Amino acid sequence: MRVDEQLSDEDLIRRACDGDTAGFQALVERWLPRMHRWVLGMLDDPDEAEDVVQEVLVRLYLKLGAFRGEARFSTWLYQLTRNAARDARRRTRRRERRMAPLRGDELAAPARNPAAELERHEDVTRVRHAMAALPERQREVFDLVEFQGYAPTEVAALLNLSPGTTRAHLFRARRAVRAAVLGADAPATEARP
Amino acid sequence: MTCDDARQLLLTADLAELTPGGPMPLGAHLAGCADCRALAGRVLAAARVVQAERDRPPRRAAGALAEEARRAARARRRARRRWTAVPALAAAAVVVVLLVRDGTPPIPIPPRTVETTPLVDAPPGRHVAVFETGNPAIVVVWTF
């Protein structure tokens, strides 16, 4: 059964809560691309991202009844996604700590990222390293605007931040990442917001 | 605009501004300065690679992911219910064991509600029953 694409998120949520499988599926179809991009931005690992997306969907199914519409659905879902990504990161760190004493250089896993070829590109590697060094909020704002096409005002709503704070995070993150990309060619940075 | 000014802007401008002929005044400078244009090109190229990665769709289709999530969620819910039943069953088992071990007949002594000051307060939303055993030193408190 195809659920009407004109239905609002709230309608789909209501249907899903009433046990309508098609309602839940339509909600997933609508939000999956965005959710997947969010997770990729948070983890930068496509394999792990897919697992996290699956976990977010399980949590979504279990918690859908708790969505009261006090926040935007996008903000609520983003928070759910963020928590699942954080849990995954924590698990990965624990696993890496456990594995560290056992792992010699010859056992180091090959790059799992299918974009490994592109990653060799020096500037992309610099982007990754610079982003990894950013505070979490700055990294989130930067990734959403720069790589996922959100407007800063949309990001502010999604992350529950003021527009001014969002712009300040974006400014600092851009300056740090682009200065890293340009290396010696970057000008000395001026202290602005 | 000098190259220094342009490069300061390169660090913080929107990506759309980093193309020659883009919004003034940076776009105009980039159109006329090959060095700054090359730097802007590097920033743009790196951004496009990451953008393409973000746009990669998940391997599994939404329908399959949704179905799998529904199944996993239900299994998780069932498992949770099982775990919440464990304390009640354990309490019942303790009552039976105490009655049998004491040598009294395995017919339970009828539960007696404590009428005076209650020995224990029931947690919010739950009930509490107090059972006496054949051994006056042992009283079983059961919340359910």
Side-chain angles (χ1 to χ4, degrees), chain A residues 21 24-33 35-41 44 46 49-50 53-62 113-115 118-119 121-128 131 143 145-149 170-172 174-179 181-182 185-190 192, chain B residues 1-18 26 29-30 33-81:
Chain A
T21 309
F24 180 66
Q25 190 170 322
L27 196 65
V28 172
E29 272 171 17
R30 183 174 295 177
W31 284 92
L32 183 65
M35 203 192 298
H36 189 243
R37 267 185 232 119
W38 293 341
V39 178
L40 281 173
D44 207 14
E50 193 123 347
V53 164
Q54 185 67 63
E55 174 61 21
V56 176
L57 294 178
V58 173
R59 293 185 188 186
L60 175 67
Y61 188 84
L62 289 170
N113 191 331
L118 294 168
E119 208 169 319
H121 194 283
E122 224 176 46
D123 290 344
V124 178
T125 308
R126 285 174 177 166
V127 168
R128 287 191 203 295
M131 283 182 72
D143 200 281
V145 173
E146 200 92 335
F147 304 137
Q148 301 184 43
L170 180 61
F171 180 88
R172 291 195 186 106
R174 266 183 181 157
R175 200 173 50 180
V177 173
R178 290 182 188 172
V181 170
L182 298 180
D185 292 318
T189 52
E190 289 169 358
R192 274 208 290 152
Chain B
M1 177 181 270
T2 66
C3 286
D4 267 354
D5 295 337
R7 289 174 193 194
Q8 284 295 342
L9 284 175
L10 272 185
L11 294 183
T12 55
D14 288 343
L15 287 174
E17 294 177 46
L18 301 189
L26 183 58
H29 179 84
L30 294 179
C33 175
D35 287 346
C36 290
R37 196 162 58 239
L39 295 181
R42 281 174 58 192
V43 171
L44 275 174
R48 282 190 188 128
V49 171
V50 185
Q51 278 169 354
E53 288 175 4
R54 297 288 181 269
D55 283 340
R56 194 182 306 130
R59 280 187 301 269
R60 282 173 292 171
L65 283 167
E67 182 51 34
E68 198 176 315
R70 260 174 6 92
R71 239 181 276 138
R74 284 176 178 170
R76 211 175 277 184
R77 213 178 257 164
R78 274 197 300 274
R80 229 179 261 163
R81 272 195 217 120

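Chain letters run A, B, ... following the sequence lines, proteins first and then strands; every chain starts at 1. Note that the structure is a prediction, hence the values are computed from the model and not measured.
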Given heavy-atom pairs under 4.5 angstrom as the criterion, report whether the side chain, backbone, both or neither of B:P57 touches chain A. backbone
Greatest number of non-hydrogen atom pairs under 4.5 angstrom with chain B, of A:V53, A:L170, A:L57, A:V39, falls to A:L57
Contact part of B:R71 toward chain A, heavy-atom cut-off under 4.5 Å: side chain, backbone, both or neither? neither
Once side chain to side chain contact (heavy atoms under 4.5 Å, CB included) is applied, do any residues pair with B:D4, and if so which ones, sequence neighbours excluded? B:T2
Side chain, backbone, both or neither: which part of A:L32 has a non-hydrogen atom closer than 4.5 Å to chain B? side chain
Which atoms form the tightest heavy-atom contact between A:G41 and B:R54, and what is the distance? CA-NE, 3.4 Å
Interatomic distance, CZ@B:R76 vs CG@A:L62, rounded to 0.5 Å, equals 6.5 Å
Ignoring hydrogens and angles, tell me if any N or O in the side chain of B:Q51 forms a donor-acceptor pair with the backbone of A:E146 under 3.5 Å. yes
Using only atom types and a distance under 3.5 Å, with no angle test, would you say the side chain of A:R178 pairs donor to acceptor with the backbone of B:A13? yes
Suppose a student defines contact as a heavy atom less than 4.5 Å from any heavy atom of chain A. Which residues in residues 33-44 of chain B would they list? B:L39, B:R42, B:V43
Based on non-hydrogen pairs under 4.5 Å, which of A:V28, A:V181, A:L182 is most in contact with chain B? A:L182
Contacts of type side chain to side chain contact (heavy atoms under 4.5 Å, CB included), residue B:R60, not counting sequence neighbours: A:E50, A:Q54, B:L65, B:E68
To the closest 0.5 Å, what do you measure between CD (B:E67) and CD (A:Q25)? 7.5 Å
Please report the shortest heavy-atom distance between A:D123 and B:A46, naming the atom on each side. CB-CB, 4.1 Å
Which residues share a side chain to side chain contact (heavy atoms under 4.5 Å, CB included) with B:D14, sequence neighbours left out: A:R174, B:E17
Over all atoms of both residues, closest heavy-atom pair of A:Y61 and B:R70: CE1-CG, 3.0 Å
To check you understand the geometry: which heavy-atom pair defines the closest contact between B:A72 and A:V58, and what is its length? CB-CG2, 3.7 Å
